[in-house]
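Written out below as structure tokens is the structure these notes cover.
The figures here come from the full heavy-atom set of this structure, side chains too, leaving out hydrogens, waters and symmetry mates.
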Amino acid sequence: MRYDLVIFDNDGVLVDSEPLANAVLAAYLTELGYPTSYEDSIRDFMGGSVQRIHDTVRERHGAELPAEFDEELLARTLAAFERELRPVAGVAEVLGGLRDGGVAYCVASSSRHARIRFGHRTTGLDRWFEQGRVFSAEDVGRGKPAPDLFLHAASVMGVVPERCVVVEDSPLGVQAALAAGMDVYGYTAMTPAARLAGATGLFSDMADLAALLKN
């Protein structure tokens with residue numbers, strides 16, 4: 001194995017949540033008077049923390065989102081997850097291979113801890129991510145595209161950045177991994193390859209990831 005630690009993004013990489021979450025977000029922002037299409041949400045917010053939504057609305061509209069926005073968005077998103085969320089096809093096999101091979105792995109996500117944990121319980125992925133393997137943008141001062149989250153995860157896991165690899169599906173995540181001095185493989189099942197420019201490598205099927213990590 002080329003790496004001592006594999007850091008997974010969560011949404012779109014472990015759980016197939018991006019279509020659900022972005023549909024909920026687009027509808028909620030539109031309801032609040034900030035017309036947003038599903039495509040707009042994917043373009044502007046995929047891979048980012050909830051703070052990015054606040055910052056974008058403030059910059060574009062000179063307005064503040066309501067105080068209850070974060071909790072309401074989380075509640076609506078989790079309700080959609082409970083109805084429809086599924087694990088990304090093939091990711092359980094990847095995780096099993098890493099565990100069997102003794103390779104350390106973790107998740108570092110822009111999502112809040114509550115959302116990450118709920119998604120893992122709903123899809124059965126919680127058995128792969130015990131305490132100490134889950135990191136959130138809540139844990140650091142700056143979310144992606146800043147490198148803080150990935151550097152924090154590597155530090156806690158006891159691995160230097162150059163021995164880490166990140167698996168990401170968003171431009172913000174790729175930028176963050178590169179800024180952290182880590183290799184990064186871009187998952188293109190949902191994101192056009194051109195938007196993940198700069199990634200160490202690209203793949204569109206989880207079945208291909210194991211070979212990339214070894215070569």
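Placement of Leu14 and Phe81 within a single hydrophobic cluster is found when ILVMFWY residues are connected by side-chain heavy-atom separations under 4.5 Å, directly or transitively. Connection of Val166 to Val156 is established within a shared hydrophobic cluster, with ILVMFWY side chains joined at heavy-atom distances below 4.5 Å, either directly or through further cluster members. Val107 is connected to Val15 through a chain of hydrophobic side-chain contacts under 4.5 Å among Ile, Leu, Val, Met, Phe, Trp and Tyr, so both are in one cluster. Put simply, Leu212 and Met182 are part of two different groups of oily side chains (I, L, V, M, F, W, Y) that touch within less than 4.5 Å, one to the next. Under a hydrophobic-cluster definition in which Ile, Leu, Val, Met, Phe, Trp and Tyr are linked whenever side-chain heavy atoms come within less than 4.5 Å, directly or via other members, Phe135 and Val184 are assigned to the same cluster.
Between Ile7 and Val165, the closest side-chain pair of non-hydrogen atoms is not below 4.5 Å. Looking at Val134 and Arg117, their side chains come closer than 4.5 Å, going by heavy atoms from C-beta outward. Considering only heavy atoms from C-beta on, Leu74 comes within 4.5 Å of Arg115 through its side chain. For the pair Leu32/Pro66, a side-chain contact is recorded, criterion being any heavy-atom separation below 4.5 Å from C-beta on. Looking at Phe150 and Lys144, their side chains come closer than 4.5 Å, going by heavy atoms from C-beta outward. Side chains of Ser109 and Phe8 form no contact here, defined as non-hydrogen atoms less than 4.5 Å apart. Side-chain contact between Arg83 and Leu20 is absent, with no heavy atoms from C-beta onward closer than 4.5 Å. Inter-residue side-chain proximity for Leu95 and Phe129 is flagged as met; some heavy-atom pair is nearer than 4.5 Å.
Contact record, Ala207 with Asp205: N-OD1, 2.8 Å, taken as the closest heavy-atom pair. Taking each heavy atom of Gly47 and Ser170 in turn, the nearest pair found is CA-OG, 3.5 Å. A pairwise comparison of heavy atoms in Asp40 and Pro35 identifies OD2-O, 4.4 Å as the closest pair. Across His113 and Glu138, no two heavy atoms sit closer than the pair N-OE1, 2.8 Å. Listed here is the closest heavy atom pair of Val167 and Val13: CG1-CG1, 3.8 Å. Contact detail for Ala146 and Ala176: the closest heavy-atom pair is O-CB, 3.4 Å.
Ring-centre distance between Phe203 and Tyr187: below the 6.0 Å cut-off. Proximity of the aromatic rings of Phe69 and His54 is defined here by a centroid distance below 6.0 angstrom, and this criterion is met.
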Determine, stepwise, if the pair Leu65 / Leu29 fulfils side-chain contact (heavy atoms from CB on, under 4.5 Å).
CA-CA 9 Å; Leu65 290 167; Leu29 286 174; 4.0 Å; yes
Go through the steps to decide whether Glu162 and Asp183 satisfy the test side-chain contact (heavy atoms from CB on, under 4.5 Å), and finish with yes or no.
CA-CA 8 Å; Glu162 56 267 29; Asp183 283 356; over 6 Å; no
Using side-chain hydrogen bond (donor to acceptor under 3.5 Å, both in side chains), reason through Ser17 and Asp11 one step at a time and then give a plain yes or no.
CA-CA 5 Å; Ser17 55; Asp11 296 291; 2.5 Å; yes
Under the side-chain contact (heavy atoms from CB on, under 4.5 Å) criterion, do Leu196 and Glu168 qualify, and how do the steps go?
CA-CA 9 Å; Leu196 302 180; Glu168 264 287 354; over 6 Å; no
Please report the C-alpha distance between Leu125 and Val91 in whole Å, then the side-chain angles of each, then the deciding distance to 0.1 Å, and finally whether the side-chain contact (heavy atoms from CB on, under 4.5 Å) criterion is met.
CA-CA 9 Å; Leu125 291 181; Val91 79; 4.2 Å; yes
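Proximity of a side-chain donor or acceptor of Arg133 to a complementary backbone N or O of Tyr105 within less than 3.5 Å is detected. Within the 3.5 Å criterion, the main-chain N or O of Arg52 finds no donor-acceptor partner in the side chain of Asp55. No donor-acceptor distance shorter than 3.5 angstrom exists from the side chain of Thr77 to the backbone of Ala21, with no hydrogens or angles considered. Formation of a donor-acceptor pair under 3.5 Å by the Ser136 side chain with backbone atoms of Asp139 is not found in this model. The closest donor-acceptor contact from the side chain of Glu18 to the backbone of Ile42 lies at 3.5 Å or more, if one exists at all. Side-chain atoms of Arg127 never come within 3.5 Å of backbone atoms of His120 as a donor-acceptor pair (strictly under, hydrogens ignored). Looking only at distances, no side-chain donor or acceptor of Thr188 sits under 3.5 Å from a matching main-chain atom of Thr191. Thr122 places no side-chain N or O within donor-acceptor distance of the main-chain N or O of Glu82, the cut-off being under 3.5 Å. Distance alone, capped at 3.5 Å, places no donor-acceptor pair between the Tyr3 side chain and the Lys214 backbone.
For the atom pair Tyr185 OH and Leu202 CG, the distance stands at 10.0 Å (nearest 0.5 Å). One finds the CG atom of Asn10 at 10.0 Å from the CG atom of Asp169 (value rounded to the nearest 0.5 Å). Here the OG atom belonging to Ser111 is positioned 8.0 Å from the CG atom belonging to Asp9, to the nearest 0.5 angstrom. Distance check, rounded to the nearest 0.5 Å: CG of Leu98 to CD of Glu93 gives 12.0 Å. In this structure, CE on Met190 lies 15.0 Å from OG on Ser204, to the nearest 0.5 angstrom. Interatomic distance, Arg43 CZ to Thr36 OG1, rounded to the nearest 0.5 Å: 9.0 Å.
Salt-bridge formation is detected for the pair Glu31/Arg76: a Lys NZ or Arg NE/NH1/NH2 atom is positioned less than 4.0 Å from an Asp or Glu carboxylate oxygen. Here Arg142 pairs with Asp148 in a salt bridge; the nearest charged N to carboxylate O distance falls below 4.0 Å.
Residues Arg60 and Tyr34 have side chains that never bring a donor and an acceptor to within less than 3.5 angstrom of each other. One side chain, Asn22 or Ser41, offers a donor N or O that lies under 3.5 Å from an acceptor on the other.
Screening Leu151, Leu5, Val6 for a side chain to side chain contact (heavy atoms under 4.5 Å, CB included) involving Cys164 leaves a single residue, Leu5.
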